[in-house]
Q: 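Before I ask anything, let me first share the structure, which is written out below as structure tokens.
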There are 2 protein chains.
Amino acid sequence: MSESLVDVDPRVRRSREAVLAASVAFFVAGGPRAVTVDAVSEASGVAKTTIYRHWRDRAHLLADTYRACLPVVPAPADSVSPETALRDVVRSLVHGMGQEPTRSALPHLIATPLDPVESAALPPDVLDQTFSPLVASIERAASAGVIPKRTDTMEAKHQLVGFIIMSAIDPTCAMNNSLADRVTELFLAGRQAQT
Amino acid sequence: MSESLVDVDPRVRRSREAVLAASVAFFVAGGPRAVTVDAVSEASGVAKTTIYRHWRDRAHLLADTYRACLPVVPAPADSVSPETALRDVVRSLVHGMGQEPTRSALPHLIATPLDPVESAALPPDVLDQTFSPLVASIERAASAGVIPKRTDTMEAKHQLVGFIIMSAIDPTCAMNNSLADRVTELFLAGRQAQT
DNA sequence: ACTGTATGCTACGCTACGGTAGCGTATTAC
DNA sequence: GTAATACGCTACCGTAGCGTAGCATACAGT
């Protein structure tokens with residue numbers, strides 16, 4: 001894939017989009033196990049043989065499906081204050097995790113990389129990359145003294161990411177800036193109380 | 001199952017234990033999809049036909065396997081202070097989540113109930129029950145004024161459970177009382193700073 | 001020792017799924 | 001209009017997995 005800029009032939013474009021959309025739907029509904037080529041073919045209206053003309057095998061289709069469910073988390077600008085940068089990243093994360101199909105796929109996004117079979121064609125730490133802007137913001141806050149300089153970065157990451165993910169998994173939870181800012185405030189208040 | 005108190009015949013006991021152990025191992029390694037009757041039969045040394053004499057079908061075996069991976073979280077005594085009760089529950093949760101096979105199975109424990117196929121024979125909210133002692137402790141802390149009385153219980157649950165689960169998923173993280181108490185302290189400090 | 005029962009084994013039928021080959025047809029780009 | 005290309009369709013093959021039947025054997029309780 002990734003030559004998606006100039007998809008000269010509209011037939012190709014149409015096939016790839018239909019297949020990926022159906023594949024994502026199955027992944028969201030039932031995890032990687034639910035993504036079968038036959039089912040995707042039938043649901044998308046694209047012939048099985050055509051699918052295999054675009055993806056070498058099921059593993060490659062699954063890899064693209066997985067990527068399509070990942071949220072996009074922009075890195076914050078260096079020009080803003082460390083507090084603002086952290087707050088913005090948390091807002092982006094909350095927003096990204098709240099968007100479909102990411103939100104419904106979240107449990108599968110976490111579990112799939114641990115499956116030795118289904119993770120075959122998956123880039124190894126693609127999920128970690130999603131959190132790298134957050135980690136950078138945490139480190140910047142620590143070195144600026146906004147939170148204790150001795151802060152364990154990974155621990156802080158677990159704290160923030162865990163809060164966000166659990167909220168996203170709860171379908172009754174509103175994933176908006178209000179929640180994001182509460183996450184940030186509770187985090188900063190707790191950390192700043194540390195001696 | 002659950003007549004496990006008096007397993008008169010040791011042959012029955014041996015078969016069930018061997019099958020369940022193998023099944024748990026596969027579940028941990030690859031999620032529900034990896035739990036196949038043929039594989040469990042071969043790995044456990046128990047004949048496939050014998051497995052079907054003890055479990056009606058694969059779904060029932062999977063349900064028992066799932067339950068076997070859940071941690072046991074005792075409810076705290078009413079006699080201790082709300083702070084102590086909360087700290088004890090968090091300690092129990094951290095300890096339980098850190099124990100194998102729970103720790104390695106965690107992502108699958110979260111994802112499996114969302115799979116419409118694999119969750120067929122699963123009790124619907126068995127995972128929520130694991131956190132009910134925590135929820136009770138949060139509510140008690142709120143009504144006692146240890147944390148603001150207007151605390152959103154579910155939000156606080158997401159905050160604590162998320163922190164613990166993300167820590168458990170990180171294999172480099174030590175799941176001990178030190179971590180548990182840090183989780184509790186960071187939680188209380190953040191909440192108590194709220195007006 | 002004897003009887004009931006749990007187990008092991010082989011073989012089987014069925015379905016779902018991954019992946020391929022060949023051919024005819026529709027659509028695109030020129 | 002014409003040639004290239006993408007597509008759909010049907011028919012396969014091989015494997016994995018679920019679940020069952022029938023029979024022989026080993027083991028438990030008395």
Side-chain angles (χ1 to χ4, degrees), chain A residues 1 3-23 25-27 29-66 115-122, chain B residues 1 3-4 6-23 25-27 29-65 115-122:
Chain A
M1 312 305 97
E3 337 89 3
S4 49
L5 288 177
V6 197
D7 254 344
V8 273
D9 200 322
R11 293 173 292 180
V12 172
R13 185 185 159 92
R14 188 253 159 202
S15 293
R16 287 190 181 161
E17 285 180 357
V19 168
L20 211 51
S23 184
F26 282 112
F27 183 78
R33 187 181 161 285
V35 181
T36 70
V37 182
D38 284 312
V40 169
S41 170
E42 190 185 351
S44 65
V46 176
K48 199 166 129 180
T49 44
T50 302
I51 296 179
Y52 279 104
R53 286 183 187 114
H54 290 287
W55 287 273
R56 194 179 324 164
D57 52 24
R58 177 181 169 276
H60 284 76
L61 171 60
L62 197 57
D64 280 357
T65 304
Y66 185 91
D115 188 319
V117 181
E118 301 297 16
S119 64
L122 247 57
Chain B
M1 313 311 96
E3 336 91 358
S4 50
V6 197
D7 255 344
V8 273
D9 200 324
R11 293 174 291 181
V12 172
R13 186 185 160 90
R14 189 253 159 201
S15 292
R16 287 193 181 157
E17 286 180 356
V19 168
L20 211 53
S23 184
F26 281 113
F27 182 78
R33 186 182 162 285
V35 180
T36 70
V37 182
D38 284 310
V40 168
S41 169
E42 189 184 350
S44 64
V46 175
K48 200 166 124 178
T49 45
T50 301
I51 295 179
Y52 279 103
R53 287 181 187 115
H54 290 288
W55 287 273
R56 194 179 325 169
D57 52 25
R58 174 181 170 277
H60 285 74
L61 171 60
L62 198 57
D64 281 356
T65 303
D115 187 319
V117 181
E118 300 298 17
S119 65
L122 245 58

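Predicted model, so just to flag it, every value in this text is computed and none were measured.
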Q: If I take atom CZ in residue B/Arg13 and atom P in nucleotide D/dC27, what distance separates them, rounded to the nearest angstrom?
A: 18 Å
Q: Which nucleotide in the list D/dA28, D/dT20, D/dG8 gets nearest to the side chain of B/Lys48?
A: D/dT20
Q: Given the rule in the side-chain contact (heavy atoms from CB on, under 4.5 Å) test, do A/Val37 and A/Trp55 qualify, once you have shown the distances and angles that lead to the verdict?
A: CA-CA 10 Å; A/Val37 182; A/Trp55 287 273; over 6 Å; no
Q: Please report, rounded to the nearest Å, how far the P atom of D/dG17 is from the CZ atom of B/Arg33.
A: 8 Å
Q: Could you check how far CZ of B/Phe26 sits from P of D/dG17, rounded to whole Å?
A: 10 Å
Q: Looking at B/Thr50, I'd like to know whether one of its side-chain N or O atoms comes within less than 4.0 Å of OP1 or OP2 on C/dG8.
A: yes
Q: With a 4.0 Å cutoff (strictly under), does any side-chain N or O of A/His54 reach OP1 or OP2 of D/dA6?
A: no
Q: Answer whether the closest heavy-atom distance between the side chains of B/His54 and B/Leu61 falls below 4.5 Å.
A: no
Q: In whole angstrom, what separates B/Ile51's CD1 from D/dT20's P?
A: 13 Å
Q: Should A/Val35 and A/Tyr66 be marked as a side-chain contact (heavy atoms from CB on, under 4.5 Å) after you check the CA-CA gap, both sets of side-chain angles, and the distance that decides it?
A: CA-CA 11 Å; A/Val35 181; A/Tyr66 185 91; over 6 Å; no
Q: Measuring from the side chain of A/Arg11 (C-beta onward, heavy atoms only), which nucleotide among C/dA6, C/dG18, D/dC7 has the closest atom?
A: D/dC7
Q: Tell me the interatomic distance from B/Arg14, atom CZ, to D/dA26, atom P, rounded to whole angstroms.
A: 16 Å
Q: State which of D/dG8, D/dA6, C/dT7 makes the closest approach to the side chain of B/Val12.
A: C/dT7
Q: A/Asp38 side chain: which of C/dG18, D/dT20, C/dA29 is closest?
A: C/dG18
Q: For the side chain of B/Val37, counting heavy atoms from C-beta on, which of D/dC18, C/dG8, C/dT28 is nearest?
A: D/dC18
Q: Quick one: CG on B/Leu122 to CG on B/Asp64, what's the gap to the nearest 0.5 Å?
A: 10.0 Å
Q: Tell me: CG of B/Asp9 to C1' of D/dA26, nearest whole Å?
A: 12 Å
Q: When the distance from CZ of A/Arg53 to P of C/dT27 is rounded to whole Å, what number comes out?
A: 16 Å
Q: Would you call A/Asp57 and A/His60 a side-chain contact if the rule is heavy atoms closer than 4.5 Å?
A: yes
Q: Which one, D/dG19, D/dG8, C/dA29, comes nearest to the side chain of A/Val46?
A: D/dG8
Q: Counting only distance, no hydrogens or angles, is the base of C/dC9 paired donor-acceptor with the side chain of B/Thr49 under 3.5 Å?
A: yes
Q: To the nearest angstrom, how far is B/Leu62 atom CG from D/dG17 atom C1'?
A: 14 Å
